[in-house]
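These notes are about the structure you will find just below.
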There are 2 protein chains.
Amino acid sequence: MTAATATGFRQVRNEILSRIRDRTWPLGALLPSESALAEEFDCARATVNRAMRELADAGIVERRRRAGTRVVKDPVRHAQFKIPIVRQEIERTGATYRYALLSREALTAPDWLRSRFGWSRSSKVLHVTCLHLAGTRPYQFEDRWISIAMVPKAAGESFEHISPNEWLVREVPYSDGEISFLAEQATGDMAELLQVAPGDAIFVAERMTWLGDDPVTYARMSHPGHYRVTTRF
Amino acid sequence: MTAATATGFRQVRNEILSRIRDRTWPLGALLPSESALAEEFDCARATVNRAMRELADAGIVERRRRAGTRVVKDPVRHAQFKIPIVRQEIERTGATYRYALLSREALTAPDWLRSRFGWSRSSKVLHVTCLHLAGTRPYQFEDRWISIAMVPKAAGESFEHISPNEWLVREVPYSDGEISFLAEQATGDMAELLQVAPGDAIFVAERMTWLGDDPVTYARMSHPGHYRVTTRF
DNA sequence: CAGTGGTCTAGACCACACA
DNA sequence: GTGTGGTCTAGACCACTGC
């Protein structure tokens with residue numbers, strides 16, 4: 001009620017969030033306009049705008065020109081998580097990172113990959129498989145496919161001393177990507193590689209990355225099932 | 001090279017990103033100051049600031065007062081994903097949502113939960129288990145624990161017609177939370193509930209939410225293993 | 001201490017969408 | 001048309017931190 005002397009955009013943001021939580025503005029409600037809130041909080045409209053924009057980015061309010069700002073009626077929270085380089089992920093646990101190349105082969109893209117890449121005609125890809133270890137314990141199996149057309153330098157890289165994961169991050173930084181997580185059962189081969197029992201649960205992260213509209217690489221990263229991805233929201 | 005007449009913050013952001021991608025500014029490099037870029041792009045410093053802030057939020061550059069802005073040397077990409085209400089997630093696939101309450105019991109928090117909640121002494125919680133179905137197919141098993149101290153209204157809710165997931169989202173909107181994903185093998189009971197074979201892979205999402213410093217609820221959401229969480233970055 | 005980013009301001013113009 | 005958010009500007013002051 002009191003016109004809280006909230007100058008900073010964080011204070012404005014928190015005050016708005018409080019009012020949403022305490023049902024001053026219930027789910028689906030229309031909030032006052034930026035100018036009205038700027039007047040109430042005695043700050044510039046740009047300050048209210050930044051506060052509201054952050055709430056919109058977090059999926060808490062919806063904003064539309066002319067229609068105004070509403071509390072989202074069916075909350076869909078947004079959570080952000082980090083996608084680290086495997087080596088760093090392992091070293092951050094205090095373990096020694098080790099890397100083992102398993103296979104490396106240049107070939108024509110198989111049909112399933114051609115379809116994923118959206119290629120009408122098949123083209124050359126580099127297929128690399130390798131293992132990331134934490135100390136002596138297998139941490140992740142990487143099954144990597146790289147478009148040679150998009151990353152010609154890959155053809156000259158042996159991947160004996162650096163993983164495709166790390167090499168690509170350095171060589172093709174900040175491409176666009178998509179990541180999926182899923183659970184699978186270990187086949188015999190995978191179980192042996194990851195040193196788990198056949199049939200054990202495997203946590204798989206599947207990634208595709210593009211540069212513009214062109215596919216760069218596809219990878220499946222398989223972890224023993226006790227692996228977790230965690231994030232706050 | 002050309003002083004691209006990039007007025008909008010998106011253009012500025014994209015131009016900076018291009019220069020990072022084409023190694024004009026390699027990994028770890030120091031970028032020009034905001035004022036210098038504002039002059040080059042012939043725009044206000046605030047515009048450059050917004051562009052740089054977005055790149056910093058995305059984990060592409062690091063900014064420190066006095067030290068300036070650097071391209072992150074070890075790229076750790078940030079991906080954002082949505083945490084929907086289960087019912088909406090199912091209905092968005094075109095399937096009919098069905099819900100079945102399995103159990104509901106008020107009890108003293110067991111030790112493992114007390115420890116997760118950071119409670120020095122145990123207190124009352126409500127334990128609810130239920131099943132979310134897409135048509136006739138089990139979609140998710142929800143194992144839910146709610147702090148009665150934090151959500152006294154839960155004690156008066158039967159959860160026969162609304163799931164704890166959806167009820168909590170409506171009743172305690174926009175609390176803070178943590179979510180983890182992991183892979184597990186189905187035990188006999190879980191396999192029967194989710195109609196998969198015992199030992200099949202299960203995709204588990206584990207959530208904790210707080211209001212301020214107080215734990216509100218803990219839940220394990222178990223899906224058949226073919227379930228995926230996908231996001232772009 | 002000096003230079004960088006962090007933030008706020010007051011004002012302006014624009015794009016959009018609904019009446 | 002008209003009111004909303006979206007964005008930009010020019011300037012200002014501040015906070016942090018490396019020199």
Side-chain angles (χ1 to χ4, degrees), chain A residues 3-17 19-20 24-73 76 78 80, chain B residues 3-17 19-20 24-73 76 78 80:
Chain A
T5 48
T7 42
F9 78 90
R10 288 164 215 280
Q11 288 169 279
V12 173
R13 187 209 335 108
N14 293 344
E15 176 59 25
I16 294 173
L17 185 53
R19 293 187 190 182
I20 291 172
T24 302
W25 295 318
L27 299 188
L30 183 66
L31 269 59
S33 72
E34 291 190 348
S35 351
L37 288 172
E39 192 172 0
E40 188 200 341
F41 292 130
D42 191 29
C43 65
R45 183 165 78 93
T47 303
V48 177
N49 180 274
R50 173 144 185 209
M52 301 273 254
R53 184 153 36 81
E54 288 204 353
L55 293 172
D57 288 344
I60 293 170
V61 301
E62 272 176 346
R63 323 196 71 199
R64 268 162 48 223
R65 287 170 149 127
R66 171 76 194 183
T69 301
R70 289 184 177 279
V71 183
V72 170
K73 59 284 160 205
V76 175
H78 294 196
Q80 200 181 46
Chain B
T5 48
T7 43
F9 78 91
R10 288 165 216 280
Q11 287 169 281
V12 173
R13 188 209 335 107
N14 293 345
E15 176 59 26
I16 294 173
L17 185 53
R19 293 188 190 180
I20 291 172
T24 301
W25 295 318
L27 299 190
L30 184 65
L31 270 58
S33 72
E34 291 190 348
S35 351
L37 287 172
E39 192 172 359
E40 188 199 341
F41 292 130
D42 189 30
C43 66
R45 183 166 78 93
T47 304
V48 177
N49 180 274
R50 174 143 184 210
M52 302 273 255
R53 185 152 35 81
E54 288 204 355
L55 293 171
D57 288 345
I60 292 170
V61 301
E62 272 176 346
R63 322 196 69 199
R64 267 160 49 225
R65 289 169 149 127
R66 169 74 194 181
T69 301
R70 289 184 176 279
V71 183
V72 170
K73 59 286 160 203
V76 175
H78 294 198
Q80 200 181 46

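Letters A, B, ... mirror the listed sequences (proteins, then strands); counts begin at 1. Both backbone and side-chain heavy atoms feed into the values below; hydrogens, waters and symmetry mates do not.
Contact footprint of chain A on DNA chain D: nucleotides with an atom under 4.0 Å from a non-hydrogen protein atom, first to last in 5' to 3' order, dT2(D) to dT7(D).
Residues V71(A) and W25(A) share a closest heavy-atom pair of CG2-O, 3.8 Å. Contact between V61(A) and V72(A) at its shortest, heavy atoms only, is C-CG2, 3.7 Å. Between F9(B) and A51(B), the shortest heavy-atom distance links the atoms O-CB, 3.6 Å. Scanning all heavy atoms of the two residues, the minimum distance from A67(A) to L30(A) falls at O-CD1, 3.4 Å. In terms of heavy-atom proximity, G28(A) sits nearest to R70(A) at O-NH1, 2.9 Å.
For a distance-only test at 3.5 Å, the side chain of R65(A) fails to qualify as a donor-acceptor partner of the base of dA17(C).
With rounding to the nearest 0.5 Å, the separation of CD in E54(A) from CG in D57(B) is 8.0 Å. From R53(B), atom CZ reaches atom CZ of R50(A) across 3.5 Å, with rounding to the nearest 0.5 Å. Of the inter-residue distances, the one linking M52(A) atom CE with S33(A) atom OG reads 8.0 Å to the nearest 0.5 angstrom. Separating the CD1 atom in I16(B) from the OG1 atom in T24(B) is a distance of 12.0 Å, to the nearest 0.5 Å.
For R45(A) and R66(A), each mapped to the nucleotide of DNA chain D holding its nearest heavy atom, the one lying further toward the 5' end belongs to R66(A).
Only at 4.0 angstrom or more do the heavy atoms of residues 26-37 of chain A sit from any atom of DNA chain C, so none qualifies. Within residues 56-64 of chain A, the residues having any heavy atom closer than 4.0 Å to DNA chain C are, in order of number, R64(A).
With sequence neighbours excluded, the residues satisfying side-chain hydrogen bond (donor to acceptor under 3.5 Å, both in side chains) with R63(A) are E34(A), T69(A). Every residue meeting the salt bridge (charged side-chain N to carboxylate O under 4.0 Å, His left out) condition with E62(B), not counting sequence neighbours, appears here in chain and number order: K73(B).
In DNA chain C, runs of at least 3 stacked Watson-Crick or G-U pairs (N1-N3 plus N6-O4 or O6-N4, or N1-O2 plus O6-N3, all under 3.5 Å) give these stems: C:1-18 with D:1-18.
Counting non-hydrogen atoms under 4.0 angstrom, A67(A) reaches nothing in the nucleic acid.
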Exercise for review: Test side-chain contact (heavy atoms from CB on, under 4.5 Å) on L37(A) and V12(A) and set out the steps.
Suggested key: CA-CA 9 Å; L37(A) 288 172; V12(A) 173; over 6 Å; no
